[in-house]
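Nothing here was measured: the structure is a model prediction, and the numbers come from that model.
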Amino acid sequence: MSENNTQEKQQVQDIKQILKIRRDKLSELQEAGENPFEITKYNQEYHTADISDNFDEMEGKTVRLAGRLMSKRVMGKASFFDLRDRDGKIQLYVTRDEMGEEEYKKFKKLDIGDIVGVSGEVFKTHKGEISVRVKEYTLLSKSLQPLPEKFHGLRDQDLKYRQRYVDLIINPEVRRTFELRTKIITAMRRFLDSREFMEVETPILNTIAGGANARPFITHHNTLDIDMYLRIATELHLKRLVVGGFERVYEIGRQFRNEGMDVKHNPEFTSVEIYQAYTDYEGMMDLTEELIRTVSEEVLGTTTVTYQGEEINLGFPWARMTMVESIKKFAGIDFEEAKTDEEAKALAESVGIEVEDGLTKGEIISLTFEEKVEENLVQPTFIYEYPVEVSPLAKRCPGKPEFTERFEIFITRREFGNAFSELNDPIDQRERFLKQVEKRENGDDEANMMDEDFVLALEYGLPPTGGLGIGVDRLVMLLTDSSSIRDVLLFPTMKPLDK
């Protein structure tokens, strides 16, 4: 047997022994009438930060704390434990003289990971460490599983995502990421609410998947006996509300797309979609800059952030280029010179783009941008005037009907948001939906479906409107310097393990 196999076998045996010991300890407690799982509450008067931040006031005071034991150094008549709660960690000083011999013996038998409530006096050790001299304790929950790696961290990345609860126990920096996520979303709400936007909720289950080019998840409603789709965007419902008279609306919520998974994509993700009547896509550019700048300042105290070693400046002004201008700058070709689809194809192929037969000029422009430009967009950049073929919900540019008043936000070489001057011409909208339906019939399962009710809503009149969608997860990734979307989702989608 190899040395590695021998070590693995020994590790399995060690774990089995640890699990047995912990369960035996629980059985002993239960037989003694001290079952921790029967305790229903504990009067937690303070948290660790209350003591560490206000030691001068708290010194000598008796406090009641509750949390998880994270380490222990057991000695003869005195022992030291570390207690962690939501705010941080504090040292517990436990002595036989203070607690009595029997209680001290019981306390020493507690395991790392156990959850306890303690009562004791705040003091500072000779080495200057703020501590609590424990007088009484209550075991509130017995940990039957050992914490991994002897508190050096949960290193298996896959296991971190599958067992986020352990990851949060072991790694304080992970807790910090998700605390920042909540603050980022709160700051977004505060920004929008202060500008008279109204937060609303729209359906997650829909009979038509619309508002984006994406493959939906399909489910079945038993009572109605119809297939339904998990929403891929909130756009079409939110614009119905603008038709109904709500001039400024937004929704922060989950979207679901049955697509690939990588460091930038998860099948369910969070977005904020924002709609404002009587403005256009340029107004939404200004709103976007102000929103992200304000959130960064409020949450981080700065508009200069470091992402994966690169310094990103979120302050004004952000670069603004049309898609054609950006291709000319970074790929060296000018699609304004192409008058036909064939000429556009030749231009793209001249810089190494493989173009399938049948693509239109607009589709070729979009393809060239994706392959030659996106990788260059590190600092915040608005790319605007997208081809109409890839923008079925955006208003055409006056005088340039082959392009639309649409922009996307790019930072750190990836797209963060998408916005339009919203198409409010019901006749044009119907024609574009029909072209999307034709694409679906030809095998494109990401193309839009026909939404007759949305066209009907436009016939009642949608005012000139600017719309914006921002990927919340990607913004959190940027502001927390997280390399993968899974690092900012508490419970990312994972393939089930073989039982």
Side-chain angles (χ1 to χ4, degrees), residues 202-221 224-243 255-260 267 271 273 275 281 323 340-341 344-345 355-367 369-370 385-397 400-406 408 418-462 465 467 469:
T202 61
I204 289 176
L205 284 175
N206 292 283
T207 54
I208 296 172
N213 289 338
R215 182 187 304 158
F217 285 95
I218 303 173
T219 186
H220 189 79
H221 193 293
L224 297 178
D225 193 25
I226 58 171
D227 284 343
M228 300 189 76
Y229 304 93
L230 298 185
R231 70 184 180 195
I232 57 175
T234 55
E235 176 169 346
L236 301 186
H237 280 97
L238 291 175
K239 286 195 283 192
R240 285 174 170 93
L241 296 179
V242 180
V243 170
Q255 318 298 335
F256 307 86
R257 298 184 183 179
N258 195 358
E259 299 172 342
S271 73
E273 289 203 34
Y275 292 86
Y281 76 137
M323 183 173 283
T340 65
D341 297 342
K345 180 179 180 181
V355 181
E356 297 178 3
D357 292 336
L359 293 187
T360 65
K361 175 183 174 181
E363 291 169 331
I364 295 168
I365 290 172
S366 179
L367 175 64
F369 171 79
E370 290 173 1
E385 290 189 6
Y386 275 57
V388 69
E389 293 95 326
V390 296
S391 310
L393 298 167
K395 185 172 285 191
R396 296 176 191 264
C397 295
K400 299 170 71 174
E402 70 273 25
F403 293 99
T404 63
E405 292 194 344
R406 173 189 175 190
E408 287 187 310
N418 188 21
F420 315 141
S421 294
E422 299 297 336
L423 178 61
N424 61 349
D425 179 343
I427 299 171
D428 190 358
Q429 181 65 83
R430 177 182 292 280
E431 291 173 353
R432 295 200 215 176
F433 272 151
L434 289 173
K435 290 181 180 178
Q436 291 288 305
V437 169
E438 184 178 348
K439 285 186 175 184
R440 288 189 71 84
E441 291 173 348
N442 290 329
D444 185 352
D445 55 6
E446 294 187 357
N448 279 241
M449 300 178 183
M450 172 61 75
D451 190 333
E452 292 286 0
D453 182 76
F454 178 68
V455 174
L456 177 62
L458 293 185
E459 290 180 351
Y460 280 94
L462 172 69
T465 298

Are [X] and [Y] close enough for a salt bridge, meaning some N to O gap below 4.0 Å?
| X | Y | result |
| --- | --- | --- |
| Lys439 | Glu363 | yes |
| Asp357 | Lys345 | yes |
| Asp428 | Arg432 | yes |
| Glu385 | Lys400 | yes |

Once rounded to the nearest 0.5 Å, what's the spacing between atom [atom1] of [X] and atom [atom2] of [Y]?
| X | Y | atom1 | atom2 | answer |
| --- | --- | --- | --- | --- |
| Lys435 | Met450 | NZ | CE | 12.0 Å |
| Ile208 | Met449 | CD1 | CE | 8.0 Å |
| Asp425 | Leu458 | CG | CG | 8.5 Å |
| Leu393 | Asn448 | CG | CG | 5.5 Å |
| Leu462 | Glu422 | CG | CD | 7.5 Å |
| Leu241 | Thr202 | CG | OG1 | 8.0 Å |

Above 12 or not: heavy atoms from other molecules or residues under 6.0 Å from CD1 of Ile427?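 Atom CD1 in Ile427 is not packed in, count stays at 12 or less.
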
For Glu438, look at atom CD and say whether over 12 heavy atoms of other residues, nucleotides or ligands are found less than 6.0 Å away.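 No - once you tally the heavy atoms of other residues, nucleotides and ligands closer than 6.0 Å, there are 12 at most.
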
Would the distance check show the side chain of [X] and the main-chain N or O of [Y] forming a donor-acceptor pair, the cut-off being under 3.5 Å?
| X | Y | answer |
| --- | --- | --- |
| Glu235 | Gly210 | no |
| Arg440 | Ala447 | yes |
| Gln429 | Pro392 | yes |

If every non-hydrogen atom of [X] is compared with every non-hydrogen atom of [Y], which pair is closest and at what distance?
| X | Y | answer |
| --- | --- | --- |
| Glu273 | Ala233 | OE2-CB, 3.5 Å |
| Phe403 | Ile365 | CZ-CD1, 4.0 Å |
| Glu459 | Pro426 | CG-CB, 3.6 Å |
| Arg257 | Ala214 | CD-CB, 3.5 Å |
| Asn213 | Gln436 | OD1-OE1, 3.3 Å |
| Ile364 | Asp341 | CD1-O, 3.8 Å |

Heavy-atom side-chain contact between Asp227 and His221 under 4.5 Å: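 Not in contact.
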
Check whether any side-chain heavy atom of Pro203 sits under 4.5 Å from a side-chain heavy atom of His237, and report yes or no.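 Side chain of Pro203 against side chain of His237, heavy atoms only: contact under 4.5 Å found.
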
Knowing that exactly one of Arg231, Met228, Gln255 qualifies, which makes a side chain to side chain contact (heavy atoms under 4.5 Å, CB included) with Ile204?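 For Ile204, the side chain to side chain contact (heavy atoms under 4.5 Å, CB included) check succeeds only for Arg231.
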
Please evaluate residues Asn424 and Thr465 with respect to the criterion side-chain contact (heavy atoms from CB on, under 4.5 Å), reporting the C-alpha separation (whole Å), side-chain torsions for both, the decisive distance (0.1 Å), and the verdict. CA-CA 8 Å; Asn424 61 349; Thr465 298; over 6 Å; no

Which is it for Phe369 and Tyr386 under the side-chain contact (heavy atoms from CB on, under 4.5 Å) test, yes or no, and what are the steps along the way? CA-CA 10 Å; Phe369 171 79; Tyr386 275 57; 4.1 Å; yes

Can you spot which of Lys395, Arg406, Glu405 makes a side-chain hydrogen bond (donor to acceptor under 3.5 Å, both in side chains) with Ser421? Glu405

Apply the test side-chain contact (heavy atoms from CB on, under 4.5 Å) to residues Phe420 and Thr404: give CA-CA distance (whole Å), side-chain angles for both, the deciding distance (0.1 Å), then the verdict. CA-CA 8 Å; Phe420 315 141; Thr404 63; over 6 Å; no

Go through the steps for Glu389 and Leu359 under the test side-chain contact (heavy atoms from CB on, under 4.5 Å), then give the verdict. CA-CA 10 Å; Glu389 293 95 326; Leu359 293 187; over 6 Å; no

